[in-house]
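Notes for the one structure printed next.
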Amino acid sequence: MPELPEVETTRRGIEPHVLGKTIVAFELYQPRLRWPIPRTLPGALAGLRIESVGRRAKYLLIALERGSLIVHLGMSGSLRVLSAGEPRRAHDQYDLRLDSGRIVRFNDPRRFGSLHYVEGDPLEHRLLRDLAPEPFDAAFTADYLWQLTRGRRLAVKQLLMNSRLVVGVGNIYANEALFRARVRPGREARRLTRAEAARLVKAVRTVLAQAIRVGGTTLRDYVGADGSPGYFRQKLFVYERAGQPCRVCATPIRHRVQQGRSSYYCPACQR
DNA sequence: ATGGGCACCTGGCTGC
DNA sequence: TGCAGCCAGGTGCCCA
């Protein structure tokens with residue numbers, strides 16, 4: 001999916017257009033997303049004012065005057081702010097129509113995205129309550145990561161992508177952070193040194209922050225709330241660069257499949 | 001507890 | 001040109 005930078009870019013993009021606005025209508029075109037959307041939802045949302053737009057991991061949290069929407073973009077989803085009357089396109093799944101005359105439209109070709117409405121604290125929802133710290137949280141430290149790697153035989157890249165360890169890091173940014181930390185994706189977690197754990201924590205933060213600054217990474221489907229792509233693709237060191245020269249040492253970048261996901265690394269820079 | 005594999009779904013590309 | 005096969009920003013769930 002959209003990983004943390006894309007979700008955060010979306011959050012920042014929609015926030016100024018929806019804050020304080022009231023949902024006039026919720027139009028559901030496709031109830032079959034990752035989890036079925038209840039047919040009763042449209043009625044429940046009409047008339048509610050939007051009070052804040054937050055984010056936890058890769059979930060957007062849209063707080064209403066009563067309850068909250070929990071939005072996930074899945075692998076191919078995007079949320080855009082459009083003018084009312086904008087013609088629908090393939091894979092538009094739902095619209096939030098606002099009293100400002102604008103609409104927030106969710107498009108998702110693969111339908112791995114999801115939408116929940118909860119009355120209570122969204123952070124207590126079963127999908128959110130067991131999530132690990134945010135990468136920018138003070139709790140995500142070298143010691144924390146290093147402790148969690150002790151005795152673990154799985155590859156360090158799997159660890160980085162496990163949302164019970166740290167959230168927001170998907171396949172692109174796991175590969176990119178490992179390059180910056182000079183650690184190969186296939187390294188057993190228990191073989192990580194304390195110094196490497198420290199580099200990795202720093203690299204995760206740096207790469208996510210840089211990506212947020214340029215609006216995320218667009219490979220295929222992702223666009224920000226105004227429809228523009230993210231520009232971090234131009235800054236990728238390894239992702240989807242198999243066979244191309246390493247931007248640091250010119251050694252060809254290698255590709256291998258790990259746990260069914262593509263990993264990329266520089267065999268010279270990363271150990 | 002840990003880790004692996006599968007499932008959900010569509011579109012785009014490759015190669016025969 | 002057509003079509004089979006493979007791949008893609010995620011992640012919950014089931015099983016060993």
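Everything quoted here is computed from the prediction, not taken from an experiment. Convention: sequence-line order gives letters A, B, ...; per-chain numbering from 1.
Listed by chain and residue number, Glu196(A) satisfy the side-chain hydrogen bond (donor to acceptor under 3.5 Å, both in side chains) test with Thr193(A) (two or more places apart in sequence, or in another chain). Partners of Asp137(A) according to the side-chain hydrogen bond (donor to acceptor under 3.5 Å, both in side chains) rule, which considers only residues two or more places apart in sequence or in another chain, do not exist here. Not counting sequence neighbours, the partners of Ser263(A) by the side-chain hydrogen bond (donor to acceptor under 3.5 Å, both in side chains) test are Lys157(A), Gln258(A). Considering only residues two or more places apart in sequence or on other chains, Arg220(A) meets the salt bridge (Lys or Arg N to Asp or Glu O under 4.0 Å) condition with Glu240(A). Partners of Phe112(A) by side chain to side chain contact (heavy atoms under 4.5 Å, CB included), not counting sequence neighbours, listed by chain and number: Met75(A), Arg110(A).
Remark: Glu8(A) engages Arg11(A) in a salt bridge, criterion side-chain N to carboxylate O under 4.0 Å.
Both Ala90(A) and Arg34(A) lie close to DNA chain B; mapped to their nearest nucleotides by heavy-atom distance, the more 5′-ward contact belongs to Arg34(A).
In this entry the distance linking CD1 of Ile172(A) with P of dA8(C) reads 11 Å, nearest Å. If you measure from atom CG of Leu219(A) to atom P of dC7(C), you get 17 Å, rounded to the nearest angstrom. Per the geometry, CZ belonging to Arg241(A) stands 19 Å off C1' belonging to dA8(C), to the nearest Å.
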Handout entry: Which nucleotides of DNA chain B pair, in dot-bracket form (Watson-Crick or G-U under 3.5 Å, | meaning another strand)
Key = .|||||||.|||||||
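OP1 and OP2 of dA8(C) both lie 4.0 Å or more from every side-chain N or O belonging to Ser76(A).
Nucleotides dC3(C) and dC9(B) have their P atoms positioned 23 Å apart, rounded to a whole Å. Only the P atoms considered, dC7(C) is 15 Å distant from dG5(B), to the nearest whole Å.
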Can you pull every protein N or O that's under 3.5 Å from an N or O on nucleotides 13-16 of chain C?
unit_1, atom_1, unit_2, atom_2, d
dC13(C), OP1, Arg126(A), NH1, 3.3

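Under the ring-ring contact (aromatic ring centres under 6.0 Å, His included) criterion, the residue pairs touching residues 174-201 of chain A are Phe179(A)-Phe237(A), with sequence neighbours excluded.
For the pair Glu176(A) (side chain) and Val238(A) (backbone), a donor-acceptor distance under 3.5 Å is present. Checking side-chain atoms of Gln270(A) against main-chain N and O of Val183(A) turns up a donor-acceptor pair under 3.5 Å.
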Exercise for the section: May I have the step-by-step check of side-chain contact (heavy atoms from CB on, under 4.5 Å) for Ile70(A) and Leu127(A), ending in yes or no? Expected result: CA-CA 10 Å; Ile70(A) 303 175; Leu127(A) 295 173; 5.6 Å; no
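Residues of residues 144-165 of chain A having a heavy atom closer than 4.0 Å to DNA chain B, listed by number: Arg152(A), Arg153(A), Leu154(A). Against DNA chain B, the stretch residues 109-120 of chain A makes heavy-atom approaches under 4.0 Å through Pro109(A), Arg110(A), Arg111(A), Phe112(A).
When Arg88(A), Arg105(A), Arg97(A) are each tested for a salt bridge (charged side-chain N to carboxylate O under 4.0 Å, His left out) with Glu27(A), only one passes: Arg97(A). Here the rule is side chain to side chain contact (heavy atoms under 4.5 Å, CB included) with Phe232(A), and of Thr218(A), Ile172(A), Leu208(A), Thr217(A) only Thr217(A) fits it.
The side chain of Ser262(A) sits closest to dA8(C) out of dG12(C), dT11(C), dA8(C).
Note that the first and last nucleotides of DNA chain B, 5' to 3', having any atom under 4.0 angstrom from a heavy atom of chain A are dT2(B) to dG11(B).
In this structure, Asp221(A) reaches the bases: a heavy-atom distance under 4.0 Å links it to at least one base atom across the strands shown.
Counted by atom type alone, Asp143(A) and Thr141(A) present zero donor-acceptor pairs between their side chains at under 3.5 Å.
Listed here is the closest heavy atom pair of Arg56(A) and Pro133(A): NH1-C, 4.2 Å. For Asp108(A) against Leu73(A), the heavy-atom pair with the smallest separation is OD2-O, 4.1 Å.
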Under 3.5 Å, sequence neighbours excluded: what are the donor-acceptor pairs made by side chains of residues 28-44 of chain A?
unit_1, atom_1, unit_2, atom_2, d
Tyr29(A), OH, Asp95(A), OD2, 2.7
Gln30(A), OE1, Arg32(A), N, 2.9

